[in-house]
Peer 1: 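I'd like to ask some things about the structure below.
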Amino acid sequence: MTPRYGPAMDATTLQTFTSPVVLFFVLGILAALARSDLAIPEAIAKGMSLYLMAAIGLKGGVAVSESGFSVTVVIALVAGIAAGFILPILAFWLIRGFGRLDRINAGAVAAHYGSISVVTFVTAVEILEFQGKPSAGYMVAVMATMESPAILAGLLLARGFGAENGQSMREMLHEVFFNSSVVLLLGAFAIGLIGGTDGFADVSPFFEAGFKGVLCIFLLDMGLIAARRMMDSRAVTWRLGAIAIFLPLVNGAVGTILGTVVGLDVGSAAALGVLCASASYIAVPAAMRLALPEADPGIYLTMSLSITFPFNVLVNIGLISAFASMIAGQGGLVP
Amino acid sequence: MTPRYGPAMDATTLQTFTSPVVLFFVLGILAALARSDLAIPEAIAKGMSLYLMAAIGLKGGVAVSESGFSVTVVIALVAGIAAGFILPILAFWLIRGFGRLDRINAGAVAAHYGSISVVTFVTAVEILEFQGKPSAGYMVAVMATMESPAILAGLLLARGFGAENGQSMREMLHEVFFNSSVVLLLGAFAIGLIGGTDGFADVSPFFEAGFKGVLCIFLLDMGLIAARRMMDSRAVTWRLGAIAIFLPLVNGAVGTILGTVVGLDVGSAAALGVLCASASYIAVPAAMRLALPEADPGIYLTMSLSITFPFNVLVNIGLISAFASMIAGQGGLVP
Amino acid sequence: MTPRYGPAMDATTLQTFTSPVVLFFVLGILAALARSDLAIPEAIAKGMSLYLMAAIGLKGGVAVSESGFSVTVVIALVAGIAAGFILPILAFWLIRGFGRLDRINAGAVAAHYGSISVVTFVTAVEILEFQGKPSAGYMVAVMATMESPAILAGLLLARGFGAENGQSMREMLHEVFFNSSVVLLLGAFAIGLIGGTDGFADVSPFFEAGFKGVLCIFLLDMGLIAARRMMDSRAVTWRLGAIAIFLPLVNGAVGTILGTVVGLDVGSAAALGVLCASASYIAVPAAMRLALPEADPGIYLTMSLSITFPFNVLVNIGLISAFASMIAGQGGLVP
Amino acid sequence: MIETVIRKRIEILSDVALVRRVTDAIDRADITGWTITPVQSGKGRDGHWREERVMGTDKVLVLTIAPEDKAMALAEDIAPILTSHGLLLSMWDVQVIRGERF
Amino acid sequence: MIETVIRKRIEILSDVALVRRVTDAIDRADITGWTITPVQSGKGRDGHWREERVMGTDKVLVLTIAPEDKAMALAEDIAPILTSHGLLLSMWDVQVIRGERF
Amino acid sequence: MIETVIRKRIEILSDVALVRRVTDAIDRADITGWTITPVQSGKGRDGHWREERVMGTDKVLVLTIAPEDKAMALAEDIAPILTSHGLLLSMWDVQVIRGERF
Ligand SMILES: Nc1ncnc2c1ncn2[C@@H]1O[C@H](COP(=O)(O)O)[C@@H](O)[C@H]1O
Ligand SMILES: Nc1ncnc2c1ncn2[C@@H]1O[C@H](COP(=O)(O)O)[C@@H](O)[C@H]1O
Ligand SMILES: Nc1ncnc2c1ncn2[C@@H]1O[C@H](COP(=O)(O)O)[C@@H](O)[C@H]1O
Ligand code: NA
Ligand code: NA
Ligand code: NA
């Protein structure tokens with residue numbers, strides 16, 4: 001431990017817990033634990049999630065319209081896609097072995113952990129920016145491309161090659177590449193890229209000024225939903241619970257190291273770490289209902305939404321950020 | 001009447017009626033009277049009410065984080081809670097006697113008038129601020145604590161002690177203390193308190209800049225709903241209608257005097273008056289459906305929502321504000 | 001072609017296609033064509049449309065509160081109403097003859113083309129402002145009054161005089177004059193007029209700053225809906241498709257000339273052109289379901305929403321704007 | 001054992017714009033009440049999904065419970081406009097408690 | 001041909017605030033599950049539309065499928081509060097596949 | 001008196017993600033149409049409320065009216081995936097007017 005590491009962690013933890021964004025998440029968890037009937041209407045929650053994706057996509061596109069594309073961007077994209085294919089394999093092996101799940105369910109869970117959570121990423125971007133380690137704009141594109149590979153990987157793990165018939169394979173691939181969050185993220189990214197800073201000026205009061213406030217209310221809802229599901233859950237054993245903590249720790253470290261090794265700046269390496277650490281709970285569950293309807297949503301949703309997601313928001317983003325600073329600062333890995 | 005009183009009233013009335021917030025409320029009423037099909041989707045209305053509560057809670061918390069807690073705050077809280085227990089008794093007596101309602105319905109109506117309306121309070125805060133008599137930030141906490149006592153008081157009046165069995169009493173108490181508006185108001189208040197002005201800066205574009213606009217649209221919806229219910233109502237007699245005007249007048253005066261006597265500033269005393277004058281039409285109806293399902297929602301909703309609420313917004317807030325200035329200015333009551 | 005005309009057109013087209021507002025519309029169309037499941041919740045879409053109408057109404061009212069009413073305003077109103085009555089006749093004749101529709105369906109379609117589309121107008125206002133040819137505030141009032149006459153005209157064309165019995169005629173007239181968009185547009189216009197710039201200052205962060213962002217998301221939804229309907233449509237022949245392109249071209253030119261002749265400034269004449277060119281797809285379909293339930297929504301919705309609306313947003317607004325500049329600049333028509 | 005009586009349950013799919021016509025008919029048939037539930041989308045002879053919910057073409061289900069004679073009167077009343085207005089009506093027997101309410 | 005068995009389908013219209021009472025009764029009757037669908041508006045003896053959806057007076061339909069004996073036990077259990085709580089209950093026979101599930 | 005004919009009304013509870021599979025089966029059975037209504041929440045063997053509506057695990061009711069033979073064909077077609085896909089199917093006889101439409 002270098003002296004630089006200790007304080008970084010303290011500050012991180014403190015900042016995290018006085019940020020309204022995180023406090024609203026905690027409020028949601030507490031309200032659900034107290035069995036309050038507080039609830040955000042479904043349409044509002046969906047609207048907020050579309051807003052957050054459009055805003056983050058636009059912001060990333062505008063940032064890249066200024067910085068321009070570079071080799072780093074391509075490398076980051078390749079690193080993200082590779083991680084999306086490889087991480088599910090580790091996860092699958094762990095979940096089948098230590099977690100004692102059957103093949104179908106293990107594949108479904110692995111797909112979740114290989115894919116990403118937009119809200120976790122967005123929260124991390126806010127926290128990293130606040131800590132003076134902003135991540136690069138192209139990381140939004142990395143995020144969008146990381147949504148899908150793990151779905152394919154998880155499916156192959158669950159079913160093996162060739163098990164799917166042609167029709168449902170086409171259906172799957174379509175879902176994988178044209179699911180609503182991929183389309184909206186990449187579409188908004190492209191619009192930001194085309195419009196640039198000037199084009200964005202017009203709409204920035206809506207997409208920029210409101211961003212953190214919307215994130216607060218959205219995380220309030222996520223806290224409510226995550227905690228309610230946790231309380232009702234029966235399908236998740238302690239072994240699976242442990243995996244839902246262990247995987248984001250390991251994947252977060254792997255992603256951060258990967259990012260640092262391929263030459264990303266500190267903030268972007270941390271963001272890649274967070275992407276690897278995060279588990280999908282919106283896009284992938286929908287894909288799994290389609291492709292692996294026999295898998296139990298009670299398992300994969302509870303793990304990703306009720307355990308991994310809060311762990312990431314409350315603890316792991318801070319850890320990953322500190323770890324990224326440490327390995328970048330030490331110069332140990334990237335001389 | 002002092003000379004100071006007359007003009008204050010005129011100005012109040014004028015200002016009220018050129019404020020977009022009130023004008024949108026009037027538009028809603030007129031549209032409903034003209035039987036237009038204008039309607040705000042339910043999910044949007046719920047979302048706006050959550051937004052308003054989160055915003056007002058945050059704002060109050062931030063204000064108190066600056067001013068700090070003081071004896072006045074504790075006194076204001078105690079005064080509010082006391083009013084919440086005592087005002088329903090007066091109301092109950094009036095409603096049974098003059099209003100000729102049976103015990104169950106009278107208890108239900110009394111609970112509504114002892115509790116508070118968040119939107120009436122918010123509208124009053126806007127108007128008071130506009131008139132240069134801002135109310136203190138802690139009044140938000142007073143409001144939140146005033147939601148519940150009257151529910152208990154109304155229930156005891158309707159059923160007497162011991163009439164409830166243990167299970168449903170527990171259910172009631174839970175509803176009373178963890179209903180969604182109490183949780184959200186106090187939760188956001190706590191977040192404002194923890195985060196302070198700095199933490200709030202991030203989210204203020206969303207929660208502060210948008211506030212009055214959202215209030216406009218919300219009051220448009222309230223105007224539509226209140227007037228439509230009025231037109232369809234059959235259960236409300238002229239006696240009950242008179243009570244729905246008389247109670248806010250009396251309770252408003254009592255609350256303002258109470259506030260002035262315990263030493264609140266003019267704006268806060270007026271705000272306490274408005275809280276006492278206002279009648280709940282969101283939290284308490286839900287609680288009454290649970291605790292007194294035999295009571296007729298046609299009575300208590302029409303009184304609180306269709307008569308008292310418009311009366312407060314259009315007339316009574318102005319009266320209370322002027323009255324608060326008068327008794328504070330005269331120095332008559334608080335030498 | 002004057003030299004002034006060519007470049008104006010180029011700039012127009014370019015500006016249109018790098019504006020985020022139009023890009024989001026294109027994104028919606030592309031996403032629907034790719035059969036993505038991207039969708040905006042219905043309540044959010046309705047909420048946005050109410051917001052846009054309230055905001056545009058307010059803005060217009062505030063503008064007129066400053067400029068005051070003048071003879072021009074009255075002339076513009078009369079011109080708009082006249083166009084609303086006369087344009088459906090041309091449309092009806094074309095649709096029956098070239099389009100080969102029966103009387104009922106032709107009347108329904110004619111009503112749509114005589115009436116207006118709020119979103120097309122709003123998009124045009126943004127684009128005109130961006131091009132330095134702002135339209136006058138009173139054009140909002142013109143738009144609101146143009147909603148209804150065409151409904152009556154279309155009805156008379158479809159059914160002839162006296163075919164309706166008294167009851168349903170009253171029902172129709174009520175729908176025509178108190179339908180939700182007329183009420184909201186004119187109501188908000190009146191509020192802006194009463195409140196003026198000062199009253200508006202309070203709520204402008206909500207209604208002004210958010211406007212373009214909301215318009216982006218709304219047009220995203222419109223793109224999705226228009227393209228999906230297009231793909232599923234079977235009822236629209238190539239003849240009707242051609243009419244759906246031809247009518248906005250002709251009506252747009254007629255409206256622009258009319259506006260220029262009666263003495264409107266360039267921006268306002270263009271706005272009148274856009275109003276004439278646009279076809280309703282919200283208010284009129286609802287009225288037609290009521291008044292002409294035998295008419296096929298598959299025809300009138302597909303024409304107005306899936307062909308005319310995109311054509312107007314993507315091409316025709318630019319053409320009309322250039323045409324307005326041309327005939328105003330040339331001084332040919334109005335010496 | 002609790003006593004139940006038989007009533008007709010009628011469900012009518014209707015455009016939102018035309019709901020008033022349907023509920024007016026229910027009132028004319030002197031039925032005590034009705035309940036409206038939302039509809040998300042559908043496919044009919046036109047062969048397409050309806051998703052244009054902002055467009056005034058969305059639909060709802062109107063559901064009402066009534067004694068057989070009143071139900072038939074309602075069906076009779078509404079039959080002429082079923083086709084022209086694109087309504088869909090189905091009804092069946094249900095058991096209810098508190099039969100005097102309907 | 002596929003085999004179906006007969007079960008009772010029960011639908012209860014209930015205030016949102018009172019849904020817990022209804023679902024608790026379903027659980028007490030040892031029925032395997034239930035499904036809740038939204039309600040938009042309605043008219044009853046009070047003679048008015050309900051649109052005050054923010055007001056905690058909105059309603060939902062609780063629907064459950066169960067064997068006849070459990071359905072009757074549920075009806076019996078819930079009958080006393082039907083009137084006081086303003087609930088509306090109707091039930092009828094339906095065919096289901098996979099009868100062992102209910 | 002107005003003439004009614006008997007048809008089957010089928011209701012299938014399905015995950016939103018799987019609706020296409022259900023409606024494709026309805027189309028395969030050559031049924032004229034279907035209507036989809038929203039579902040708010042529910043409890044099943046997993047024993048928990050579903051509220052995670054953003055999560056892609058929300059459900060809807062698909063309702064279709066068809067002559068008995070087509071209804072049975074649909075049930076037959078869909079039966080194999082009922083368990084694996086967690087669908088719930090019930091059907092019953094209803095009277096409809098304009099029987100030729102179905
Ligand atoms: N066989 C059916 N079963 C259930 N709903 C239907 C059926 N046919 C039509 N519908 C519904 O009725 C609406 C209008 O159908 P149509 O009049 O055939 O265009 C459709 O959008 C569906 O919601
Ligand atoms: N005959 C009926 N058929 C269907 N729904 C009804 C009927 N009567 C009442 N309702 C519903 O029950 C609610 C309460 O009715 P009530 O208890 O009579 O006020 C109404 O708002 C309607 O939604
Ligand atoms: N007996 C039942 N009656 C009505 N709905 C049910 C029943 N059992 C299950 N459901 C619904 O089916 C869904 C899935 O149930 P399950 O497959 O048992 O987890 C639940 O969430 C309920 O919405
Ligand atoms: Na991941
Ligand atoms: Na009060
Ligand atoms: Na037009």
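These numbers come from the heavy atoms of this one structure, side chains and all, not from hydrogens, waters or symmetry mates. Here is how names work: the chains are called A, B, and so on, in the same order as the sequence lines, proteins then strands, and each is numbered from 1.
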Peer 1: Please look at E:Ile97 and chain F and tell me whether the side chain, the backbone, both or neither of the residue comes under 4.5 angstrom of a heavy atom of that chain.
Peer 2: both
Peer 1: Please report the closest heavy-atom contact between F:Pro38 and E:Pro38, naming both atoms and the distance.
Peer 2: O-CD, 3.4 Å
Peer 1: Using heavy atoms and a sub-4.5 Å threshold, report which of residues 70-77 of chain F line up against chain E, by residue number.
Peer 2: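 So the qualifying residues are F:Met72, F:Ala75, F:Glu76.
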Peer 1: Go through the atoms of E:Val60 and report whether side chain, backbone, both or neither lie under 4.5 Å from a heavy atom of chain F.
Peer 2: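 Side chain of E:Val60 only, per the 4.5 Å heavy-atom cut-off to chain F.
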Peer 1: Would you indicate whether the side-chain heavy atoms of F:Lys59 and E:Thr35 approach each other to under 4.5 Å?
Peer 2: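 Not in contact.
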Peer 1: Who wins among E:Leu61, E:Ile31, E:Thr64, E:Thr37 for the most heavy-atom pairs under 4.5 Å with chain F?
Peer 2: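 The answer is E:Thr37.
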Peer 1: Please output the residues of residues 78-94 of chain E in contact with chain F, using a heavy-atom cutoff of under 4.5 Å, in numerical order.
Peer 2: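 Result: E:Trp92, E:Asp93, E:Val94.
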Peer 1: Going by side chain to side chain donor-acceptor pair (under 3.5 Å), name the residues that satisfy it together with F:Thr4, two or more places apart in sequence or in a different chain.
Peer 2: F:Gln95
Peer 1: Quick one: salt bridge (Lys or Arg N to Asp or Glu O under 4.0 Å) partners of E:Arg7, sequence neighbours excluded?
Peer 2: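 Partners of E:Arg7 under the salt bridge (Lys or Arg N to Asp or Glu O under 4.0 Å) test: none.
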Peer 1: Apply the side-chain contact (heavy atoms from CB on, under 4.5 Å) test between F:Gln40 and each candidate in E:Val19, E:Val62, E:Ile36; give the one that qualifies.
Peer 2: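 In the set E:Val19, E:Val62, E:Ile36, the residue that makes a side-chain contact (heavy atoms from CB on, under 4.5 Å) with F:Gln40 is E:Ile36.
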Peer 1: For E:Ile26, is it the side chain, the backbone, both, or neither that has a heavy atom closer than 4.5 Å to a heavy atom of chain F?
Peer 2: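 No part of E:Ile26 comes within 4.5 Å of chain F.
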